[in-house]
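Counting starts at 1 for both ligands and their atoms, in listed order.
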Amino acid sequence: MPVNVCQQLNNTKSLDKESYVSSLLSQMTLREKIGQMSQFNNDNEKLTASIKMGDVGSVINEVNLETINELQRIASQESRLGIPLLVGRDVIHGFNTIFPIPLGQAASWSTEIVESCATIAAIEAANNGVNWTFAPMIDISRDPRWGRIAESLGEDPYLCSALGSAMVKGFQGENLADNTSIAACAKHFAGYGASESGRDYNTTNIPENELRNVYLPPFKALADAGVSTFMASFSDLNGVPVTGNSWLLNDILREEWQYTGFVVSDWESITQLITHGFCADTESAAFEACQAGVDMEMASNTYAKNLPSLIQNNKVNIEQIDIMVSRILTLKFDLGLFETPYTRATSAVECLDNFHLDAAKQAATKSCVLLKNNIQTLPLSKTELTSLAVIGPLADDGYEQLGTWVFDAKPNQSITCLNAIKSHVGDSVEVKFSKGLATSRSHNQDGFIEATQLAHSADVAVLILGEEAILSGEAHCRSNIDLPGCQEQLINAIYETGTPIILVIMAGRPITLEKVIPKVDAVLFAWHPGTMAGPAIADLLFGETSPSGKLPVTFPRTVGQVPLYYGQKNTGKPPCDATFVDINDIEVRAPQTSLGMTSTHLDTHFSPLFPFGFGLSYTQFEYENINVNRHVIKMGESVEITATISNIGNFDAEEIVQLYIRDLVGSVTRPIKELKGFQRIYLPAGQSKSVLFKIHTDELAFYDRQMKHTTEPGLFNAWIGSNSDTGLKTEFEVV
Ligand code: BGC
């Protein structure tokens with residue numbers, strides 16, 4: 001077998017990365033260069049032959065270890081230049097061990113938790129030959145109708161930036177070349193979360209100022225954190241689909257941010273430039289995407305078909321192609337693929353091993369948000385109970401508790417709530433189970449008789465309801481975000497029995513719960529918690545630990561309030577309780593002005609059902625003594641804001657302390673609150689702690705009318721509190 005170029009290069013130990021890449025590049029034909037820019041799906045029948053010909057830079061969706069190693073062997077031994085493959089897969093919230101959906105992980109407000117979930121996902125994925133994941137998704141998501149909110153880290157730029165960076169650290173590790181690291185991908189750049197009416201793939205219209213202040217900061221944070229790749233969104237941004245949007249990909253990403261990693265298209269998003277009505281044919285689509293700076297094409301083959309002639313006709317220049325290919329080769333180098341193309345598995349790693357399962361349980365435990373808890377409802381005491389009714393279509397379903405994007409999960413190894421509750425109480429409590437409804441969407445109420453009988457004869461009914469996995473995720477949007485099917489009717493039927501109800505909800509999005517809340521005694525919102533949903537939820541129900549998650553997204557009362565988020569602008573006529581008039585209280589032919597004339601709806605309160613940052617605990621935390629070390633600071637200085645938090649209840653617990661600010665006057669109007677810091681602290685019962693936040697004036701900057709990132713002098717309010725709607729208030733001035 002002839003020694004291929006990579007083998008020769010491998011022998012040239014003295015070459016640094018740049019020399020290695022440019023030396024390789026100098027030996028590539030145009031076809032081989034375009035090959036590096038092409039990603040094939042694993043079901044492509046020409047895959048093997050194409051790899052041999054040097055036509056493939058990356059494969060997506062292959063996870064069979066032997067197949068991957070064989071493909072890597074062909075690439076590195078049988079192609080002319082021996083360039084190994086990037087093996088991409090959507091490892092979104094776990095590989096075999098499934099962690100809470102990203103929105104659930106975000107509810108932990110814990111960079112440690114998020115990082116550890118990604119670390120373990122990377123270990124398992126790398127062990128199977130995957131070296132590149134299409135995560136994290138850091139699209140700011142303010143529309144719970146949008147199915148992909150499940151994959152997001154919520155509505156807030158600060159939280160999303162912090163957690164997204166932690167996820168990148170987890171996936172990529174200290175060194176990409178480690179055999180437990182995989183390359184990450186910041187997606188979907190940018191604005192996809194603003195899809196009109198929460199319909200997937202829809203138009204987005206985002207003024208530049210809002211784009212820069214709200215949607216782009218997490219992407220900038222991830223670029224700074226060294227994320228290996230970016231994915232260009234499917235979506236149409238202000239009339240120019242992102243996949244062909246040179247302003248976003250070149251001017252902002254490359255020039256302003258100096259990003260050096262590579263950009264991959266979304267699935268066939270280059271050919272979709274035609275469907276968008278942006279390009280007439282595949283040649284023009286390839287041209288626009290290439291000019292915009294999409295380095296690699298996912299799944300479709302417009303580059304392979306059209307770039308050769310575009311280059312020949314001098315429409316695309318070869319220097320540009322060389323830069324794009326170098327970026328891809330550089331990642332391969334960083335991943336150590338030229339040295340070790342084969343699976344970087346360590347035989348010591350077992351998927352779903354106890355360490356991974358413990359981490360999954362820990363993440364699920366910290367992600368659950370307690371939304372309601374009547375006195376003496378939770379935690380349950382197994383010594384005081386004699387019987388428990390577990391009811392609901394999601395109580396004993398190892399698949400549905402995993403949520404969206406779980407291609408490689410092992411649902412039969414999930415531990416369900418029913419099983420975990422049973423093993424938690426042992427023989428001391430009788431646990432009876434009825435599904436009530438066949439699925440979360442079911443309208444057939446035949447199961448209600450059995451369910452109500454069980455509830456009637458039990459001390460407590462634990463209802464495990466919500467959305468089955470298929471109802472959220474890509475292309476799984478809903479116009480109505482109530483509990484689907486007849487679940488509300490099921491709650492009503494159980495309510496009639498008079499047995500206390502604990503409602504556990506597993507879902508991929510906020511659910512409108514206004515009608516349900518009064519009927520139940522406690523609500524634990526668990527998102528889709530993953531493989532270890534059951535043990536985590538059982539521990540919380542029985543008080544092994546206190547719930548400590550906080551909402552990473554606002555919960556509306558009704559879908560008509562959407563979009564509803566805490567960082568709104570004040571408007572010229574902000575709503576308030578003093579002027580709010582409910583539709584039922586309007587007098588007949590009342591004068592127009594009696595309606596308060598503020599920015600609200602008549603048929604629902606202007607507040608959300610649960611605000612961003614909200615979450616109860618089994619203990620009570622008291623916030624006191626807010627203090628700012630200096631009331632006036634100069635540009636370039638920092639201010640320190642402190643408060644004392646005390647656990648005044650009887651339960652040792654964790655609290656997520658949140659810092660918000662408001663810039664009172666801006667040359668561009670500023671949100672009424674902006675998260676600027678958070679700390680998850682542990683406080684044993686009876687103990688207090690002083691929590692300090694340090695804010696530099698640079699952290700108060702925003703994009704002004706000239707799109708300059710600047711801090712403007714003036715007065716700032718600051719709050720330290722337990723959610724976005726409460727807190728101790730102080731102020732300081734920047735001069
Ligand atoms: C999604 C991406 C995903 C890709 C590959 C697309 O449909 O939008 O988020 O990474 O498919 O599976």
Colleague: Considering only heavy atoms of Met298, which atoms of ligand 1 have at least one such atom less than 4.0 Å away?
Modeller: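 Every atom of ligand 1 under 4.0 Å from some heavy atom of Met298: 4 (C), 5 (C).
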Colleague: Main chain of Ser414, side chain of Thr531: is a donor-acceptor contact present, judged purely on distance under 3.5 Å?
Modeller: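 No; zero donor-acceptor contacts below 3.5 Å.
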Colleague: Quick one: which ligand 1 atoms are inside 4.0 Å of a heavy atom on Phe234?
Modeller: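 Close to Phe234: 6 (C), 7 (O), 8 (O).
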Colleague: Can an N or O of His188 be found at a distance shorter than 3.5 Å from an N or O of ligand 1?
Modeller: yes
Colleague: Counting only heavy atoms not in Phe278 (residues, nucleotides, ligands), do more than 12 fall under 6.0 Å from its CZ?
Modeller: yes
Colleague: Hey, are Glu155 and Arg142 close enough for a salt bridge, meaning a charged N less than 4.0 Å from a carboxylate O?
Modeller: no
Colleague: Pick one of side chain, backbone, both or neither for how Arg148 approaches ligand 1, counting any non-hydrogen atom pair under 4.0 Å.
Modeller: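 Contact part for Arg148 vs ligand 1: side chain (C-beta onward).
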Colleague: How far is atom 6 (C) of ligand 1 from the closest protein heavy atom, and which atom is that?
Modeller: Asp266 OD1, 3.0 Å
Colleague: Could you list which atoms of ligand 1 come closer than 4.0 Å to a heavy atom of Lys187?
Modeller: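 Listed by number with element: 2 (C), 3 (C), 9 (O), 10 (O).
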Colleague: Taking the six-membered ring for Trp, are the ring centroids of Trp109 and Phe612 within less than 6.0 Å of each other?
Modeller: yes
Colleague: Starting from the C-alpha separation in whole Å, work towards a yes-or-no answer on salt bridge (Lys or Arg N to Asp or Glu O under 4.0 Å) for Asp334 and Lys17.
Modeller: CA-CA 8 Å; Asp334 288 340; Lys17 178 164 72 181; 2.8 Å; yes
Colleague: For atom 5 (C) of ligand 1, what's the nearest protein heavy-atom neighbour? Residue, atom name and distance, please.
Modeller: Asp90 OD2, 3.1 Å
Colleague: When rounded to the nearest 0.5 angstrom, what is the spacing between OH in Tyr703 and CD in Glu208?
Modeller: 9.5 Å
Colleague: Which atoms of ligand 1 sit under 4.0 Å from any heavy atom of Ile60?
Modeller: 5 (C)
